[in-house]
Amino acid sequence: MMNHTIVIRIRIAVLIFVLLLCLGATAALAAGAADVQLNGTLLTAADPYWKNGGGGSAADWNAFFDTSTSTPTLRLKDAVINDTNGDGKYISADGDLNIALTGNSSIGGSPNAYDGPVGIFVNGNLKISDGSGNGSGTLTIQITHAHSAPSVLDGIMVGDPAYSFTMESGALHIILSDTDESYGIVPGGQLIVNGGVLTVNSSAPKVFAVQAPQLTVTNGTFNVTANASTPQFGAVTIWFAEALITGGECRFTSLSDASGLAWAAGQPEDFRVTGGRVIVSGLLDAMYFDTPDTVVPIVTGSILVSENSSGAGMFVWDPSKGQLASNQSGPSMFRYVELRGYKDDYPQTGDSASLWLWLGVGLGALLLGGAAFVWFRRRK
């Protein structure tokens, strides 16, 4: 069986157990954050401004903790956040927080003194959106981490399974490199992409780029790339228990000997693509479904596959073409899978008969067009 299967199962079991503990109760509603720790500075309603290099005022700021909104909002405007808060976190808040982006802001550095640094930590619901009004607000989290002991690096962490992380608009780029273990996004319970651009690029011996019990994508672009140098000990590009894709475009790519997507497969309706498209590729296989059974997600349009991770020579999949995803019972030969949530007329070129059919149709059209041209010339 695949060398990363055991590790994935253990991590999935733990996450599902934690999620189930929360399902029996009403979803927790966190209070709005009373303050925000940023770059080693405490921002409050009474002292809400911060400027790159220190200081800050209402007339001159790069970060502003705005408590006039229903959910407190941290406004970042060309902010350069390059120091942690004394606990390895660049930005941290206890409670619901919105982050609004104007200009190009950044979080990053090499916080090697800590065994578990985090770009943004929120113990509550987190939402990131454009604050410019034209969609141009950008935040880049780029952290390189090397620690002598076993360590974990997180780009964004939401601290409880009852809470969610929502990407609403703007652009968020997470680029991580660790000498041990790297997580791009740990959303707690739900990861929601409603628009904008969200990219995650995570490199480490063990990579768990995105782990989301529930994933919802309605619009925008969501790209995740994982490069695990020792994938046999842990490699996940994206993992989820439930996913609903109704729009936008997702690309999940594994650059190592691991799957591009792992699903804690339950029922087909737990994984639905009813709009947009999902493109998955991996050097070992495109997708791994954690079940001994053959389960196929619900896809409104077509499913395209290829034995090449680049997608070269892809064709429309049906069960006669082979097992769509690897599972506990055996591997899949497909290293590229494209799930389309829309109807199209992609040529059925998965077998030679279909291929020759389309070639014949094309040749016939060419000959008919040539005959019509000759007839038209003679009539003149």
With the side chain counted from C-beta on, respond yes when [X] and [Y] share a heavy-atom pair under 4.5 Å apart, and no when they do not.
X	Y	result
Phe334	Glu307	yes
Ile156	Leu172	yes
Phe289	Leu261	yes
Asn194	Thr166	yes
Asp35	Leu43	no
Arg75	Leu101	no
Ile141	His173	no
Leu38	Leu74	yes

Is there a path of hydrophobic side-chain contacts, each under 4.5 Å between heavy atoms, that joins [X] and [Y]?
X	Y	value
Leu244	Val278	no
Val296	Phe252	yes
Ile192	Leu97	no
Val295	Met333	yes
Ile298	Val217	no

Subject >> Parallel, tilted or perpendicular, as decided by the 30° and 60° cut-offs, for the rings of Phe240 and Trp263 >> reply: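 Rings of Trp263 and Phe240: tilted, as their planes differ by 30° to 60°.
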Original post:
So Trp61 and Phe64, would you call those rings parallel, tilted or perpendicular, with 30° and 60° as cut-offs?
Top reply: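 Trp61 and Phe64: tilted rings.
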Looking at [X] and [Y], would you say the former's side chain and the latter's main chain have a donor-acceptor pair under 3.5 Å?
X	Y	answer
Asn104	Thr138	no
Asn201	Ile175	no
Ser105	Ala79	yes
Lys343	Thr300	yes
Ser332	Leu324	yes
Asp47	Thr44	no
Ser310	Ala312	yes
Thr73	Thr71	yes
Asn112	Ala146	yes
Asp130	Gly133	yes

Would [X] and [Y] count as having a side-chain donor-acceptor pair, cut-off 3.5 Å?
X	Y	answer
Ser202	Ser182	yes
Asp178	His145	yes
Tyr288	Asp290	yes
Asn308	Ser306	no
Ser326	Asp285	yes
Asp318	Ser320	yes
Asp78	Asn62	no

Original post:
Could you go step by step and tell me if Leu153 and Ile143 meet the side-chain contact (heavy atoms from CB on, under 4.5 Å) rule?
Top reply: CA-CA 8 Å; Leu153 169 62; Ile143 303 173; 3.6 Å; yes
About how many Å separate [atom2] of [Y] and [atom1] of [X], when rounded to the nearest 0.5 Å?
X	Y	atom1	atom2	result
Ile91	Ile120	CD1	CD1	4.5 Å
Glu168	Asn219	CD	CG	10.0 Å
Arg340	Glu249	CZ	CD	10.0 Å
Asn82	Tyr90	CG	OH	8.0 Å
Asn98	Leu126	CG	CG	8.0 Å
Met287	Ile238	CE	CD1	12.5 Å

**OP:** Any chance you could lay out the side chain to side chain donor-acceptor pair (under 3.5 Å) test for Thr294 and Asn327, step after step, and finish with the verdict?
**Re:** CA-CA 8 Å; Thr294 299; Asn327 62 18; 4.6 Å; no
Specify the closest pair of heavy atoms between [X] and [Y], including all atoms of both residues, with the distance to one decimal.
X	Y	value
Pro205	Ser229	CA-OG, 3.0 Å
Val207	Ala226	CG1-CB, 3.6 Å
Val210	Val236	O-CG1, 4.1 Å
Gln323	Trp317	C-NE1, 4.4 Å
Gly137	Ser132	N-OG, 3.9 Å
Thr41	Asn85	N-OD1, 4.2 Å

**OP:** Establish, for the pair Lys89 and Phe121, whether the NZ or CZ atom is under 6.0 angstrom from the six-membered ring centre and no further than 45 degrees off its axis.
**Re:**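 Pair Lys89/Phe121 counts as cation-pi.
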**OP:** Take Phe165 and Ile128, measure what side-chain contact (heavy atoms from CB on, under 4.5 Å) needs, and give me the verdict at the end.
**Re:** CA-CA 8 Å; Phe165 167 53; Ile128 293 181; 3.8 Å; yes
Subject >> Verdict with supporting geometry, Asn123 and Asp94, side chain to side chain donor-acceptor pair (under 3.5 Å) >> reply: CA-CA 5 Å; Asn123 189 30; Asp94 190 5; 3.1 Å; yes
**OP:** Kindly indicate, with the supporting measurements, whether the criterion side-chain contact (heavy atoms from CB on, under 4.5 Å) is fulfilled by Asp60 and Lys51.
**Re:** CA-CA 7 Å; Asp60 188 15; Lys51 181 175 171 58; 3.1 Å; yes
**OP:** List the steps and the verdict of side-chain contact (heavy atoms from CB on, under 4.5 Å) for Asn125 and Lys127.
**Re:** CA-CA 7 Å; Asn125 297 296; Lys127 179 184 291 186; over 6 Å; no
Original post:
How about Phe65 and Tyr49: are their ring centres within less than 6.0 Å of each other?
Top reply: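 Ring-ring flag for Phe65/Tyr49: false, centres at least 6.0 Å apart.
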